[in-house]
Enquirer: 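This is the structure I have questions about; it appears just below.
Just so you know, these numbers come straight off a predicted model, no measurement behind them.
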Amino acid sequence: MADDSDLERTEPASERRLEQAREDGDVPRSRELATCTVLMGGGIGLWMFGESMMRQMSAMLVKGLSLKRAMVYDMDLLYAHIISGVGQLAMTFVPLATLLLIIAICSPMLIGGWLFSVKSIQPNFSRMNPISGLGRLVSSTSLVELGKAIGKTIIVGAVAWIVISNQFNAVMALTTEPLETGSAHLADLMLTGFISITGGLVIIALIDAPYQMWHYANKLKMTREELRQESKESDGNPEIKGKIRQLQREMAKRRMMSEVPTADVVVTNPTHFAVALKYTEGGMRAPVVVAKGADEIAAKIRELAKEHNVPLLEAPPLARALYRHAELGDEIPEKLYTAVAEVLAYVFQLRMYKERGGQAPDAPIELEVPPELDPANPASRPQTDDGVLQ
């Protein structure tokens, strides 16, 4: 059952899957919404510019049929007259054409957004497979398209019947009106009918747009196995990532060990922890932790320190505090300045003793380490609400 569930497309498409679909030119589209938007825009454009367009076309018709005597005998003048009329006719439709162009460009923003993909215009010979074509004829998508076509026919037919029935008497009355008045009235009736009938497509568009969004999301659904595989491809194989982290830790460890010989002192627990400190007067604001470790790493740090004559100082509370509260490459906590200052003073005295001789300095015994910084001190351990130490 678990294997079967992994093969079922039940998971929403990932961001990567959606991006790949867009790159392939596959985005949700509603042709009904685009058609309805353009037709409604055309109707509104005719309502806005129709009267002006009719006047200009009427004037151009009169001008086009009015020929001067010279044009009859001079073809160049006649051609110029015709070209001028065609140019004026084209300019008449510029406002309406501009409006339709803007609507056609902006309509994809309603669903799917703008998209230009080279892959979508590349030849795909698999689409020419007749067997696949027959399969698409009986698919659920074809049935939905058939249902939309039937629905458009019914809705547009019903709206057209209602509009024509309500305007039947007005259409019949056109025969009794003068030509100019009747023509204007007829244009108003046709425009009103066009907008009303086109408005019937809004119902289809309001149904089709959500369906296309749902169909697109359902088409791109993924199986759990596909999600796991995609996660491996995008985030990397967990085993490989584990090996990379292991290599990174080893490299960091080697870098840390290479800093031990440059340290000024190594503070020990004496066996569980070891922290190497370095301080350059004038170059650092405070001592810096160049290496630290516990157990085996601490033993390695102590071994390297002995090989390179780096002083070892046994100070368990300070070693524990430095190990817990100071990271590699960071300055020591401000509350440990006093204790570390005593350690460094001892180290500098020891260095002078080795160079010049004299009386050997005494190693500091009791260093001032705030109780809250020592992990072994109960005061540094968090408590529960009832006062019990965690």
Side-chain angles (χ1 to χ4, degrees), residues 8-10 12-13 18 21-22 24-47 50 96-97 99-115 117 120-121 124-172 186-221:
E8 295 177 359
R9 297 185 179 275
T10 57
L18 293 173
R22 287 189 65 86
D24 295 336
D26 186 9
V27 293
R29 288 285 187 239
S30 174
R31 287 181 293 179
E32 309 304 329
L33 180 61
T35 302
C36 175
T37 304
V38 173
L39 288 177
M40 289 293 292
I44 295 173
L46 288 174
W47 176 71
L96 179 61
L99 176 63
L100 292 178
L101 178 62
I102 294 174
I103 293 175
I105 293 175
C106 296
S107 59
M109 294 297 296
L110 298 176
I111 177 173
W114 286 327
L115 177 67
S117 174
S120 60
I121 61 177
N124 188 353
F125 296 102
S126 62
R127 297 177 181 176
M128 302 176 64
N129 190 339
I131 299 177
S132 301
L134 291 175
R136 288 193 294 269
L137 288 176
V138 293
S139 64
S140 59
T141 303
S142 300
L143 294 177
V144 171
E145 294 297 326
L146 177 61
K148 288 194 297 184
I150 295 174
K152 283 193 292 185
T153 303
I154 295 174
I155 292 176
V156 172
V159 174
W161 172 260
I162 294 173
V163 171
I164 294 174
S165 299
N166 292 336
Q167 296 183 348
F168 181 78
N169 294 331
V171 172
M172 292 295 100
L186 177 61
D188 290 340
L189 292 175
M190 293 179 62
L191 181 58
T192 303
F194 174 78
I195 295 177
S196 301
I197 294 172
T198 305
L201 297 177
V202 174
I203 301 175
I204 297 293
L206 293 178
I207 297 174
D208 184 64
Y211 168 77
Q212 293 297 338
M213 295 290 292
W214 172 85
H215 177 71
Y216 180 77
N218 191 61
K219 180 180 65 174
L220 294 183
K221 277 186 176 180

Enquirer: For Ile102, check side-chain contact (heavy atoms from CB on, under 4.5 Å) against everything at least two apart and list the hits.
Expert: Thr98, Cys106

Enquirer: Considering non-hydrogen atoms only, spot the tightest contact between Val163 and Gly193 and give its length.
Expert: CG1-CA, 3.7 Å

Enquirer: Measure the spacing between CG of Leu39 and CG of Leu100 and express it to the nearest 0.5 Å.
Expert: 9.0 Å

Enquirer: Would you call the rings of Tyr211 and His215 parallel, tilted or perpendicular, taking 30° and 60° as the class edges?
Expert: parallel

Enquirer: If I compare all heavy atoms of Ala209 with all of Leu33, which pair ends up nearest, and what's the gap?
Expert: CB-CD2, 4.3 Å

Enquirer: Before you tell me yes or no, could you show the steps for Glu32 and Leu201 under side-chain contact (heavy atoms from CB on, under 4.5 Å), namely the whole-Å CA-CA distance, both residues' side-chain angles and the distance that decides it to 0.1 Å?
Expert: CA-CA 8 Å; Glu32 309 304 329; Leu201 297 177; 5.7 Å; no

Enquirer: Heavy atoms only: give me the nearest Ile103-Gly41 pair and the separation to one decimal.
Expert: CD1-CA, 3.3 Å

Enquirer: Measuring from Ile207:CD1 to Ile155:CD1, what's the distance to the nearest 0.5 Å?
Expert: 6.0 Å

Enquirer: Please give me the minimum heavy-atom distance between Ala205 and Cys36, naming the atom from each residue.
Expert: CB-CB, 4.2 Å

Enquirer: Say you draw a straight line from CE of Met172 to CD of Gln167; how long is it, rounded to the nearest 0.5 Å?
Expert: 11.5 Å

